[in-house]
Structures are given as structure tokens and as C-alpha cells.
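Accompanying notes for the structure given below.
Protein chains get the first letters and strands the later ones, always in sequence-line order, with residue 1 at the start of each.
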Protein chains: 2
Amino acid sequence: MSIDRRKLIVDAATQSFALYGYKATTMDQVAKLAGVGKGTIYTFFTTKEELFDEIMNSLIQDMKRVADQEYDPGRTFFDNLSRILSRMLDYREKHQLAHKMVQEVRDMGTPKATEGLNRIERALLGYIEVKIGTAVEKGELKPCDPGLTAFILVKLYFALATEWPKSNEPLDKESMTDIFRSYLMDGIAPQ
Amino acid sequence: MSIDRRKLIVDAATQSFALYGYKATTMDQVAKLAGVGKGTIYTFFTTKEELFDEIMNSLIQDMKRVADQEYDPGRTFFDNLSRILSRMLDYREKHQLAHKMVQEVRDMGTPKATEGLNRIERALLGYIEVKIGTAVEKGELKPCDPGLTAFILVKLYFALATEWPKSNEPLDKESMTDIFRSYLMDGIAPQ
DNA sequence: GAGTGACCGAAAATGGTTTTTGGTCAATCA
DNA sequence: TGATTGACCAAAAACCATTTTCGGTCACTC
């Protein structure tokens with residue numbers, strides 16, 4: 001059996017997207033990196049977009065794996081939540097491809113990269129939504145709309161982690177957990 | 001006493017900024033609209049930016065006036081809060097100049113327009129911060145960092161009002177108030 | 001028949017030229 | 001004589017014709 005050309009292509013493309021971003025990686029470059037003719041790419045993927053989509057799928061799967069690693073059923077919902085969200089933020093910063101996407105969206109607004117980031121966000125929301133459903137069942141949370149609750153928790157976490165520091169002292173992980181607990185678990189009504 | 005040229009200029013500039021945005025209004029145009037020579041503008045404002053800044057000051061002052069109008073000391077903190085925030089959102093949509101700024105930032109990212117919107121946001125945060133301080137004093141809220149709390153409340157409100165509808169059914173004003181009450185007043189911990 | 005790379009049209013980058021624009025200031029009022 | 005003006009300037013932006021790049025195809029090769 002000959003070498004797996006498909007894998008060669010996907011690996012080369014992953015590397016190129018991570019290094020140069022979506023817009024700046026060319027199909028010629030991917031072909032050369034993979035050591036295959038350009039035409040060969042098009043026997044596996046009909047367009048550059050489709051190739052990118054597959055790679056984004058893998059990225060999302062990987063993030064899910066990492067999130068699962070962080071989850072500990074022995075801990076409370078909010079503890080797990082803030083650890084998972086913190087880990088996801090970290091992933092976005094440290095993982096080469098994810099980081100490049102963020103940068104490309106910020107600096108050039110490439111539509112396809114934006115779409116990719118949106119898919120990641122939707123996947124994260126879906127993931128948290130499930131965890132919320134479980135927490136509600138286990139009685140760790142009041143009954144609530146899991147979709148809406150996921151949205152609130154994720155948006156708030158990201159706003160605190162990325163926008164708050166723009167005009168204030170950054171919050172460390174523990175403060176974030178405390179804030180989440182006091183504002184969202186207990187509420188800020190007196191008593 | 002001759003006509004108030006300064007006012008002529010400010011009015012003309014306000015109209016032009018509202019109609020064409022920051023980038024697309026030229027000092028020549030403002031001069032012509034105001035019916036004065038271009039040089040005259042520079043006897044009152046050293047740069048286009050300074051002229052714009054003064055107009056933004058007026059806008060912010062006006063928003064504050066509108067917010068104050070919405071405030072009713074007889075109502076609860078959360079009721080006032082969500083009515084004020086809803087009114088501010090509405091203002092940004094309906095007020096010609098504010099609306100044009102939002103559009104210009106979205107479509108072209110004009111730095112000076114972005115700065116203007118940031119100033120508005122900071123002013124709003126400051127305004128809410130004061131209201132929170134009062135509410136804490138009156139015992140309507142637990143003691144908390146008013147700056148942080150204002151950030152959380154405003155960010156969450158705007159996310160729910162502008163981002164949530166992108167992939168969900170929009171929330172009407174009453175739902176928003178309910179959400180705020182149940183998530184932030186009472187918290188989502190059981191009991 | 002799997003694999004390739006020369007080739008194609010469309011889109012984007014390039015760069016040199018023209019136009020616009022924020023800001024100045026000598027001339028001109030009043 | 002101090003307020004007002006608009007021709008003027010340099011720098012930035014807009015334009016536009018030309019070239020280059022790039023995603024995708026397909027006749028050819030092995």
C-alpha cells in the first residue's frame with residue numbers, strides 16, 4: 001500500500017494554516033509541503049474551504065478532548081466550569097493554529113477565519129450547554145434554559161478575561177472563579 | 001453682537017458627522033455648511049479631532065440626560081438598570097450621530113469613531129457604577145466592587161441584546177429584566 | 001486509473017499618477 | 001486692528017492600468 005497522501009495533505013495544510021493563516025496559505029504551497037501534485041489535493045477536497053473545514057473539525061475535536069481532560073466529576077459545577085473556560089482561553093492563546101486564526105481575524109478580518117472562530121465558539125457553547133444540563137439534573141443548578149445559561153457564562157467569562165484588562169488590572173484565575181461564584185451562584189441581592 | 005460663529009460651526013459639524021460619519025466629513029464641507037471660511041473653524045478648534053471631541057462631549061451629556069430621565073427613584077435597582085440600559089441601546093440605534101458612529105466602526109473601523117464609541121461606553125460604565133454605589137448604600141445590593149459590577153451588568157446586557165439574537169430568538173425587554181433578576185439578583189444556585 | 005503540473009480566468013497586489021484634505025497664513029475686510 | 005477668509009501646501013488617500021498571484025481544471029503521464 002502506498003503512502004497515505006490524504007494525511008500528507010492534511011498535515012501539510014494544518015502546518016501552513018497554523019504558520020501563515022488561511023488567506024496566506026496557497027494550494028501550491030500545501031502541495032509542495034505535502035510533496036504531492038496540486039491536482040492530488042483536489043481528489044480529496046473539492047475546495048480550499050473544504051480542506052480548511054476538515055482541519056477546523058479536528059481542532060474542535062481536540063479542544064473537546066482537552067476540555068474533557070480538565071473536567072473532574074468530583075468537583076463542583078462552577079469549579080469545573082471556570083477551569084474548563086480558563087483552559088479553553090489558554091488553548092486559544094497557545095495552540096498555534098487557533099492563535100493564528102484569532103490574529104488573522106483581528107488583523108485582517110478574513111471571512112473564512114472568522115467563520116472558523118465562530119464554529120469554535122458554537123462548539124464551546126454546545127459543550128457547556130450539556131454540562132449545564134447535567135448540573136441541573138444533579139441539582140447543582142436551579143432549573144434554567146441551558147442554552148441561554150451557557151451563553152451568559154461563556155460571554156461573561158471571556159469579557160472578564162479579555163476586555164476587562166484593557167482598562168483595569170487583569171483578574172487571576174482564582175478571582176474569576178470567585179466572581180463567578182458570588183455573582184452568578186449566589187447573586188448580588190442582599191441576604 | 002455678531003452671529004455666534006462657533007455655534008454655527010458646531011451645528012454644521014454635528015450635522016455632517018451624523019450624516020456622513022467622521023472620515024467622510026471634510027473641514028471644507030463643514031465650513032461651507034456653516035457659512036464661514038475654513039480658517040474661522042481653526043480659530044475655535046485646533047484640529048478636526050478636537051471639533052469632533054467637543055461634539056462627542058455633547059452627545060455623552062445628552063445620553064446622560066436621557067438616562068436620568070429614565071431613572072425613577074421609586075423603582076428597584078434592577079428595574080431602573082434594565083430600563084436605562086434598554087434606553088441607551090435604543091438611543092444608539094435611533095440617534096443619528098450615535099448610529100452613524102456605530103455603522104462607521106463596523107464598516108470601516110475608523111479609529112477616531114472607535115475612540116468615540118469607547119468614550120461613550122466608558123461614560124455609561126461610570127454612570128452605572130455610580131448607581132451601583134448608591135444601591136449598595138441603600139442596601140439594595142450586597143457590598144461589591146462597583147466598577148467590576150458595572151462592567152458585568154453592562155457587558156451582559158449588551159451581549160444579550162446584540163449577540164444573542166444572532167443565533168437565537170431575540171429577547172424582549174421583559175425577558176431581559178427577568179434574566180437579570182434571576183441570574184444576577186438571585187443567582188442560579190439551588191434554594 | 002491515480003497522480004501531476006502547465007494552464008486558465010478571476011481576483012488581488014503593485015506602483016506611479018492624480019485628487020483630496022487637514023491645516024496655514026498673507027491678504028482682506030469691517 | 002483684530003476678526004475672517006480662501007488660495008495654498010504637503011501629506012495622505014483615491015485612482016487606475018498593469019502585473020502577479022492563486023484557486024481550480026484537465027490533458028497528459030507513468
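Residues of residues 36-52 of chain A that place a heavy atom closer than 4.0 Å to DNA chain C, in numerical order, are A:Val36, A:Gly37, A:Lys38, A:Gly39, A:Thr40. The stretch residues 14-27 of chain B touches DNA chain C through B:Thr25, B:Thr26, B:Met27, each having a heavy atom under 4.0 angstrom from the strand. Shown for residues 108-115 of chain A: no residue has heavy atoms falling under 4.0 angstrom of DNA chain D.
A donor-acceptor contact shorter than 3.5 Å is absent between the side chain of A:Lys23 and the backbone of A:Glu104. Remark: side-chain polar atoms of B:Trp164 are paired, donor with acceptor, to backbone N or O of B:Glu169 under 3.5 angstrom. At distances below 3.5 Å, not a single donor-acceptor pair connects side-chain atoms of A:Arg181 with backbone N or O atoms of A:Phe78. In terms of modelled atom types and a separation under 3.5 Å, the side chain of A:Thr177 and the main chain of A:Lys173 share a donor-acceptor contact. No side-chain donor-acceptor contact under 3.5 Å links A:Arg87 to the backbone of A:Val66. Using a distance-only test at 3.5 Å, with no hydrogens or angles considered, no donor-acceptor pair links the side chain of A:Lys100 to the main chain of A:Ser16.
Between D:dT4 and B:Arg5, a contact under 4.0 Å exists linking OP1 or OP2 to a side-chain N or O.
The side-chain contact (heavy atoms from CB on, under 4.5 Å) check on A:Ile120 picks up A:Met56, A:Leu59, A:Ile60, A:Met63, A:Leu117, with sequence neighbours excluded.
Per the geometry, CG belonging to A:Leu8 stands 17 Å off P belonging to C:dA2, to the nearest Å. With rounding to whole Å, A:Asp28 atom CG is found 13 Å from D:dT25 atom C1'.
Between B:Phe17 and B:Tyr22, the ring planes lie parallel to each other; the angle is under 30°, not in the 30° to 60° tilted range.
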Using a cutoff of under 3.5 Å, can you pull out all pairs of nitrogen or oxygen atoms linking the protein to nucleotides 28-30 of chain C, with atom names and distances?
none

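Here the closest non-hydrogen pair linking B:Thr149 and B:Asp145 is OG1-O, 2.7 Å.
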- Stepwise side chain to side chain contact (heavy atoms under 4.5 Å, CB included) check, A:Leu81 with A:Ile132: CA-CA 9 Å; A:Leu81 178 78; A:Ile132 289 169; 5.9 Å; no
- Query: Is there a salt bridge (charged side-chain N to carboxylate O under 4.0 Å, His left out) between B:Lys155 and B:Glu121 once you walk through the steps?
  - Reply: CA-CA 10 Å; B:Lys155 276 287 175 251; B:Glu121 190 179 319; 2.8 Å; yes
- Message: As a quick check of understanding, evaluate salt bridge (charged side-chain N to carboxylate O under 4.0 Å, His left out) for A:Glu115 and A:Lys112, giving each step before the final call.
- Response: CA-CA 5 Å; A:Glu115 188 200 302; A:Lys112 195 67 191 173; 3.1 Å; yes
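Under a 4.5 Å side-chain heavy-atom criterion applied to ILVMFWY residues, the cluster that includes B:Leu19 comprises B:Tyr20 as well.
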